[in-house]
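Keep in mind the model is a prediction, meaning the values are calculated, not measured. Computed over heavy atoms, backbone and side chain alike; hydrogens, waters and symmetry mates excluded. Chain naming here is simple, since letters A, B, ... match the order of the sequence lines and numbering starts at 1 in each.
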Protein chains: 2
Amino acid sequence: MHGSAESIRVLFRSRGLRCTRQREAVYAALAASRSHPTADELLSGVGGDDPELSLATVYNTLDALCECGLARRVPSESGGPCRFDADTSHHAHVVMPDGAVVDVPEDLSRAILSGVPADPLSELCRRLGVKVDRVSVRIHARPSPSP
Amino acid sequence: MHGSAESIRVLFRSRGLRCTRQREAVYAALAASRSHPTADELLSGVGGDDPELSLATVYNTLDALCECGLARRVPSESGGPCRFDADTSHHAHVVMPDGAVVDVPEDLSRAILSGVPADPLSELCRRLGVKVDRVSVRIHARPSPSP
DNA sequence: GTACGTGCAAAATGTTTGCATCATT
DNA sequence: AATGATGCAAACATTTTGCACGTAC
């Protein structure tokens, strides 16, 4: 787990991030959450424990975390507020009609992502003159009617 | 092609969309573009031909187009302005570090998307109690250094 | 002690809305 | 003629920034 104050400290240090009370709280909340929270949700979630936190700092912190690879912005087409994820492992997302984002369990993510064939990707690189960094899969789904 | 005024008229009518000069211009510009333009870019692009167009109308029109399936919002993690695509066929996107979005050519899109294995997807549906609408693949890439 | 992070408030950016007017059906 | 779209401007929401102060290193 990455939730303890000490491991966060170590983690930050390893990325050259200064460790402040606020950053620690934001990262802990983000890492503990499964719901890909927005900056605002993180502020409220943390607010109870530590009222000494401003929205601007949440944004600044999230920027810093994304910058150094400790978090990711979750892609969205909603135009609404940006969502964040502290799980930077290679996994797929399920997107619900209301914009909620759920992680695909690790075993299924692996199966889905490794199914993406390599040949068309290298052909793509050749044609477009690019180098692939990462392939991201989003599954648009809706609640299935209960039987 | 869907670029002629007459085919746009027919297309709109088939979706129950009232056809105005402004909507026609926005849709024609969007359909002609390969660059997944923003509302603002569409306004400038069309502005030359037809100054009688406001940004609010571009947004309203894009809403209407997305609503009725004639366009799509392109997912992004940039927080910048929303990008749109009149190509609603099932295709993958290449996302460059600067946020630019390029279509994956149709043959490669097909190869990539059909490579996504069905079994993990149905397992996912079972576990999460959802129904899959669509699978979307985004390829993060960067310009490859010229040899 | 210095460099950098923080809070606050204001600005910048992107998108939506209210309303009088105008165009499509 | 009636319904719905437009333009404009103002409201709204999200994110960024400037600056005085505070804190980690």
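- In this structure, A:D63 pairs ionically with A:R73, as a charged nitrogen and a carboxylate oxygen lie closer than 4.0 Å.
- Whole-Å rounding puts the B:Y59 OH to D:dA13 C1' distance at 12 Å.
- For D:dT23, neither phosphate oxygen OP1 nor OP2 lies less than 4.0 angstrom from any side-chain nitrogen or oxygen of A:Q22.
- At whole-Å resolution of the value, CG in B:L43 and P in C:dT15 are 13 Å apart.
- Between the P atom of C:dT25 and the CZ atom of B:R21 lies a distance of 13 Å, rounded to the nearest Å.
- Between B:R21 and B:E24 there is no salt bridge, since none of the side-chain N atoms of the basic residue sits less than 4.0 Å from a carboxylate O of the acidic one.
- The separation between B:F84 atom CZ and C:dG14 atom C1' is 11 Å, rounded to whole Å.
- For B:L17 and D:dG4, the CG to C1' distance is 12 Å, given to the nearest whole Å.
- Hydrophobic clustering of Ile, Leu, Val, Met, Phe, Trp and Tyr side chains at less than 4.5 Å, counting indirect connections, unites B:L113 with A:V104.
- The backbone N or O of A:R110 lies less than 3.5 Å from a partner atom in the side chain of A:S114, making a donor-acceptor pair.
- At D:dT6, one or more side-chain N or O atoms of B:T20 fall inside 4.0 Å of OP1 or OP2 (strictly under the cut-off).
- Side chain of A:R9, nearest nucleotide from C:dT15, D:dC25, C:dC8: D:dC25.
- Each of A:V58 and B:C19 was matched to the nucleotide of DNA chain C holding its nearest heavy atom; the match closer to the 5' end belongs to A:V58.
- Side chain of A:R23, nearest nucleotide from D:dT16, C:dT6, D:dC25: C:dT6.
- Between B:G80 and A:L55, the one whose closest nucleotide on DNA chain C sits nearer the 5' end is A:L55.
- With rounding to whole Å, B:D63 atom CG is found 17 Å from D:dG4 atom P.
- Side chain of B:T57, nearest nucleotide from C:dT16, C:dG7, D:dG7: D:dG7.
- Rounded to whole Å, the distance from CD on A:E52 to C1' on C:dG7 is 9 Å.
- The residue A:N60 sits close to a base: some heavy atom pair falls under 4.0 Å.
- Atom-to-atom, CG of B:D40 to C1' of C:dA12 comes out at 14 Å; the value is rounded to the nearest Å.
- For the pair A:V26/A:L53, a side-chain contact is recorded, criterion being any heavy-atom separation below 4.5 Å from C-beta on.
- For C:dT6, neither phosphate oxygen OP1 nor OP2 lies less than 4.0 angstrom from any side-chain nitrogen or oxygen of A:S54.
- At the phosphate of C:dA3, neither OP1 nor OP2 sits under 4.0 Å from any side-chain N or O atom of A:R18.
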